Number of protein chains: 2
Amino acid sequence: MLKKIDNLEKYLRDAGIKPSIQRLKIFEYLASTNSHPTVDKIYGALSSDIPTLSKTTVYNTLKLFQKQGIILIINIEDNETRFDADVSFHGHFKCIECGGVEDFPIPEHGKIEALVDYDISEKHFYIKGICANCKKIINK
Amino acid sequence: MLKKIDNLEKYLRDAGIKPSIQRLKIFEYLASTNSHPTVDKIYGALSSDIPTLSKTTVYNTLKLFQKQGIILIINIEDNETRFDADVSFHGHFKCIECGGVEDFPIPEHGKIEALVDYDISEKHFYIKGICANCKKIINK
DNA sequence: TTACTCTTTTGTAATGATTACAAATTTATA
DNA sequence: TATAAATTTGTAATCATTACAAAAGAGTAA
Ligand SMILES: [Mn+2]
Ligand SMILES: [Mn+2]
Ligand SMILES: [Zn+2]
Ligand SMILES: [Zn+2]
């Protein structure tokens, strides 16, 4: 679960990001949802609020956010890149029926023997299947 | 580790795949390497052997293999789709220095509480960082 | 204020991986 | 053999992402 951020501007500044309107709104939107939206979703959600917003800006901003470590890129399907403002280690479940991506907590696990001499910068765990909701609907 | 396949034709047939030359060679190549190659790598590796090979066939064949469950698609970077003939559950480490993707075994882990009512069809675990080899070179 | 510089945003064009599609080839069937 | 079905192939289209340069915005110093 993403910890509540009290001061968005400070949060960006502390990550070395100058908080422009576009950057603030993009991050605010990402932090407000647990839907792991795509670039198109983000752009669509903000374009009425910022009518001049360019999709290029969304791409640039997300790339900057990732470089500064305040978002994660979620690659589950090869034709669908999603984004997450929660950078803590947690799992993702993608439902192949409804297409939704949701979080789940990952149980403690020890060090991975094979990688003791490796530097680790990112860990990702994701599962694909059918969510409880879709199972109900299918079995109707 | 991918189990040794004694009879490639039978292996494909048992998976519901008619073993054409192209399909046999593509699967044989995938099963022979632990490099998790891309479409371009696969195509490049086979095109001298099958000079008429089309890249479309590589795409079609890999899609068929996945549908029939004999390969996994590895999505780590959003601009680099890789393939794996080892469909057992194992982890992948991608080195951000040399670009290589290697396997590692995943320690036992219990059921994930949050997903007890979900149907699970695929599990993926991957880690990004710097491999032991690249660490040595960097610290020279 | 103006003049200047630096940063950010924007729109358009280019890129490149993947897919769609239909013709050509191969394989199976009668 | 003739015919039908499956597979492969080459080309064109699609679409997400990136490159690029112009426009807009923010900061600084007279
Ligand atoms: Mn998440
Ligand atoms: Mn593997
Ligand atoms: Zn669902
Ligand atoms: Zn390496």
Side-chain angles (χ1 to χ4, degrees), chain A residues 8-9 12-13 15-30 36-68 70-84 94 99 101, chain B residues 8-9 12-13 15-30 36-68 70-83 99 101:
Chain A
L8 220 51
E9 291 205 18
L12 294 188
R13 256 188 248 283
I17 297 162
K18 200 180 295 183
S20 68
I21 299 289
Q22 289 86 348
R23 289 167 178 177
L24 279 167
K25 299 266 186 177
I26 290 171
F27 189 81
E28 183 181 41
Y29 174 69
L30 250 193
H36 309 89
T38 61
V39 163
D40 275 345
K41 267 279 170 55
I42 298 168
Y43 176 76
L46 297 179
S47 57
S48 63
D49 192 5
I50 314 173
T52 60
L53 183 64
S54 161
K55 203 173 278 186
T56 300
T57 298
V58 179
Y59 278 104
N60 291 341
T61 301
L62 291 169
K63 184 154 290 184
L64 174 67
F65 285 175
Q66 193 215 10
K67 188 157 71 77
Q68 301 305 103
I70 63 169
I71 68 168
L72 287 180
I73 297 185
I74 310 292
N75 282 307
I76 297 178
E77 311 287 353
D78 50 4
N79 58 342
E80 178 185 82
T81 304
R82 291 167 174 259
F83 300 88
D84 196 340
K94 160 124 191 179
V101 173
Chain B
L8 221 50
E9 291 205 18
L12 293 189
R13 255 188 247 283
I17 297 163
K18 199 179 295 182
S20 68
I21 297 289
Q22 290 86 347
R23 289 167 176 177
L24 279 168
K25 299 266 185 176
I26 290 171
F27 189 80
E28 182 181 42
Y29 175 68
L30 250 194
H36 309 90
T38 61
V39 163
D40 275 346
K41 267 281 170 56
I42 297 168
Y43 176 75
L46 298 178
S47 58
S48 64
D49 192 5
I50 313 173
T52 60
L53 183 64
S54 161
K55 203 174 279 187
T56 299
T57 298
V58 180
Y59 277 105
N60 290 342
T61 302
L62 291 169
K63 185 155 288 184
L64 173 67
F65 285 174
Q66 193 215 10
K67 188 157 71 76
Q68 301 305 104
I70 63 168
I71 66 167
L72 287 181
I73 298 184
I74 310 293
N75 282 307
I76 297 178
E77 310 287 353
D78 50 3
N79 58 343
E80 178 184 82
T81 303
R82 291 167 174 258
F83 300 87
V101 172

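These figures come from a predicted structure and were not determined experimentally. Letters A, B, ... are given to chains in the order of the sequence lines, protein chains preceding strands, and every chain is numbered from 1.
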Student: C:dT19, OP1 or OP2 - any side-chain N/O from B:Lys63 closer than 4.0 Å?
Tutor: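 Yes, within the criterion.
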Student: Tell me the interatomic distance from A:Asp78, atom CG, to D:dC15, atom C1', rounded to whole angstroms.
Tutor: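 Roughly 13 Å, once rounded to whole Å.
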Student: From C-beta outward on B:Thr56, which listed nucleotide comes closest to its side chain: D:dA16, D:dA19, D:dT11?
Tutor: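 Minimum distance to the B:Thr56 side chain belongs to D:dT11.
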Student: Which whole-number value in Å describes the distance from B:Arg23 CZ to C:dT26 P?
Tutor: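 Taking atom P of C:dT26 as the reference, CZ of B:Arg23 is at 15 Å.
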Student: Tell me: NZ of B:Lys18 to C1' of C:dA28, nearest whole Å?
Tutor: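 Result: 7 Å.
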Student: Check this one for me: any side-chain N or O of A:Tyr59 less than 4.0 Å away from OP1 or OP2 of D:dT17?
Tutor: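 Yes, within the criterion.
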Student: Would you mind reporting whether B:Phe27 and B:Ile71 have side-chain heavy atoms less than 4.5 Å apart?
Tutor: yes
Student: B:Asn75 versus A:Glu77: any side-chain heavy-atom pair under 4.5 Å?
Tutor: no
Student: Roughly how many Å is it from CG in B:Asn79 to P in D:dA19, rounded to a whole number?
Tutor: 11 Å
Student: Starting at CG of B:Leu64 and ending at P of D:dT9, how long is that distance when rounded to a whole Å?
Tutor: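 Result: 14 Å.
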Student: Would you indicate whether the side-chain heavy atoms of A:Asp49 and A:Tyr29 approach each other to under 4.5 Å?
Tutor: no
Student: What is the nucleic acid contact for B:Ser20, judged by heavy atoms within less than 4.0 Å: base, sugar-phosphate only, or nothing?
Tutor: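 Answer is sugar-phosphate: B:Ser20 comes under 4.0 Å of backbone atoms only.
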Student: Does some side-chain heavy atom of A:His36 sit less than 4.5 Å from a side-chain heavy atom of A:Ile76?
Tutor: no
Student: Starting at the 5' end of DNA chain C, which residue's closest nucleotide do you reach first, B:Val39 or A:Gln22?
Tutor: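 Nearest nucleotide further toward 5': that of A:Gln22.
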Student: Within this structure, what is the CG-to-P distance between A:Leu53 and C:dG11, rounded to whole angstrom?
Tutor: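 To the nearest whole Å, that distance equals 9 Å.
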Student: Provide, to the nearest angstrom, the distance between the CD atom belonging to B:Glu77 and the P atom belonging to C:dT18.
Tutor: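 After rounding, the reported distance stands at 14 Å.
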Student: Which part of the nucleic acid does B:Asn60 contact within heavy-atom distance under 4.0 Å: base, sugar-phosphate only, or nothing?
Tutor: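 Base, at least one base heavy atom under 4.0 Å.
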Student: A side-chain contact here means heavy atoms from C-beta on lying under 4.5 Å apart; do A:Leu53 and A:Lys25 qualify?
Tutor: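 No; the side chains remain at least 4.5 Å from each other.
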Student: Counting only side-chain heavy atoms from C-beta out, which of D:dT8, C:dA17, D:dT9 sits nearest to B:Thr52?
Tutor: D:dT9
Student: Starting at NZ of A:Lys55 and ending at P of C:dA13, how long is that distance when rounded to a whole Å?
Tutor: 16 Å
Student: If you compare every side-chain N and O of A:Thr57 against the phosphate oxygens of C:dT10 (OP1, OP2), does one of them come in below 4.0 Å?
Tutor: yes
